[in-house]
Amino acid sequence: MTLTIGLTHYLVVAALLFSLGLVCVLGRRNAIGLLMGIEMILNSANINLVAFAHYIVHDITGQVFALFVIVLAAAEAAIAMAIVLSIFRSFKQIDVTTTVELKE
Amino acid sequence: MGLTFPDILFYFLSAMVLVFGTVVAFSKNIVHSGFALLGTFAGVAGLYGLLTANFLAAVQILIYIGGVLVVILFAIMLTRNIQDAQNSNPRQKIVLACVFGLVVASLLFYIAIKFPRLEQGITENKLTVSQLGDALLGTYLIPFEIVSILLLATMIGAVMIVRKEIKPEEIKEPRS
C-alpha cells in the first residue's frame, strides 16, 4: 500500500466539496449564500474533469471542458447578481423564502 | 513509504478547500462566507496546479477570485443590512440539508472508492498552453465562438436587468 496520490484522492475531495455546496444550496435563505453553494458545486465538477483528464485520458480535452465551465460560471454569477440586486430593489430583502411574489 | 512534497501539498490544499468550504456552508455571517470562498477557490487553483493544469490554475485565480468573488462581495455590500451582519445568512431546515448532503457524499464516496486506483498521471509538462489554444481554435472552434456570443448576451442582459426605468417626463433638460 503506497501513499501516492491518485485519482481516488481527487475524486474524494471533489465529492466532499460537492456535498458542502449542496448543503449550502439547500440550507440557506440568503440568495447570495445560495449562489456561493452553486459556485462550489461547479468547482468540484471542474476538479473531477481535470483529474480525469490527468489520470485517464492523458489529453487536453478535460481542461477545455473545465475552461468552458469556468466561463459559464462567470456568466451565471454576473446574471444572478443582477437579478439579486433587482430583487433587493423591489422587496428590500433577498431572503428566498419570503420573496415569492412574481408581480409587483 | 514517506510522504513526498507533492503529497503533502495535496493534503494541505484539500484541507484548505474543505475547511473553507465548511465555513462557507455553515457560517452565519455572509461576509465570513464570502471571504472563506476565497480560500476555497485558491485551494482549487492549487489542485489544478498539482494536476499539471497550469493555465487553468491561472484562469481560476483570474476569473473566480478576481471576477466572481469581487462581484459576490459587491452584491453582499449592496444588499445586506449593516446592522444585522452577525445574522445575515440565516439557515433553513439545516438538519434536513445536512442529512441529504451526507447521503449524496456517501454515494459519491462509494463511487470514488470503487474507481480503479490510477496513479500514473501525465508526465512532466506534456500538456502546454499552446495545445490548449490549438484545441480551442481547432476542434472546439464552434463552442468557443458560441461562448463569446453568450458572454455578450450576458453583459447586455445584466445591464438590462439592473437598470432603472426612467420615464420620459422625469428626464430633465440640461441647463444651457
Q. Do the side chains of B/Val24 and A/Cys24 get nearer than 4.5 Å, heavy atoms only?
A. yes

(Q) Between B/Ser33 and A/Arg28, is there a side-chain heavy-atom distance shorter than 4.5 Å? (A) yes

Q. Roughly how far apart are B/Leu132 CG and A/Ile60 CD1, rounded to 0.5 Å?
A. 5.0 Å

Q.
How long is the straight-line distance from CD1 of B/Ile113 back to CG of A/Leu11, given to the nearest 0.5 Å?
A. 9.0 Å

**Q.** When A/Ile47, A/Ile87, A/Asn48, A/Val84 are compared by non-hydrogen pairs under 4.5 Å with chain B, the top option
**A.** A/Ile47

Q | Part of B/Phe74 within contact of chain A (heavy atom distance under 4.5 Å) | A | neither

Q. Got A/Val23 and B/Phe100 here, is their nearest side-chain heavy-atom distance under 4.5 Å?
A. no

Q | CG on A/Leu17 to CZ on B/Phe20, rounded to 0.5 Å | A | 13.0 Å

Q: Measure the spacing between CG of B/Leu78 and CZ of A/Arg89 and express it to the nearest 0.5 Å.
A: 10.0 Å

Q: Report whether B/Val17 and B/Val23 are members of the same hydrophobic cluster (ILVMFWY, side-chain heavy atoms less than 4.5 Å apart, transitive linking).
A: no

Q.
Contact between A/Leu72 and B/Leu150 at the side-chain level, heavy atoms closer than 4.5 Å - yes or no?
A. yes

Q. Can you check whether B/Tyr64 reaches A/Glu39 side chain to side chain, under 4.5 Å on heavy atoms?
A. yes

Q | Structural part of B/Ala105 lying under 4.5 Å from a heavy atom of chain A | A | both

Q) Looking only at side chains, do A/Asn46 and B/Gln60 share a donor and an acceptor under 3.5 Å apart? A) no

Q: Could you tell me whether the side chain of A/Val13 reaches within less than 4.5 Å of the side chain of B/Leu47, counting heavy atoms only?
A: yes

Q) Are the aromatic ring centres of B/Phe10 and A/Tyr10 under 6.0 angstrom apart? A) yes

Q.
Within this structure, what is the CG-CG distance for the pair A/Leu49 and B/Leu51, rounded to the nearest 0.5 Å?
A. 11.5 Å

Q) Among A/Val64, A/Leu85, A/Asn43, which has the most heavy-atom pairs under 4.5 Å with chain B? A) A/Asn43

Q.
So, taking the atom named OG1 in B/Thr22 and the one named CG in A/Leu20, what distance separates them when rounded to the nearest 0.5 Å?
A. 4.5 Å

Q) Does the side chain of A/Phe68 come within less than 4.5 Å of B/Leu136's, by heavy atoms? A) yes

Q.
I'd like to check A/Thr8 versus B/Lys114 (side-chain heavy atoms, cut-off strictly below 4.5 Å). Are they in contact?
A. no

Q) Considering only heavy atoms, which portion of B/Leu151 lies under 4.5 Å from any heavy atom of chain A: side chain, backbone, both, or neither? A) side chain

Q. Checking A/Ile83 against chain B: side chain, backbone, both or neither under 4.5 Å from a heavy atom?
A. both

Q. Which answer fits B/Ile161, side chain, backbone, both or neither, if we ask what part of it has an atom under 4.5 Å from a heavy atom of chain A?
A. both

Q | Contacting region of B/Leu18 [heavy-atom separation from chain A under 4.5 Å] | A | both

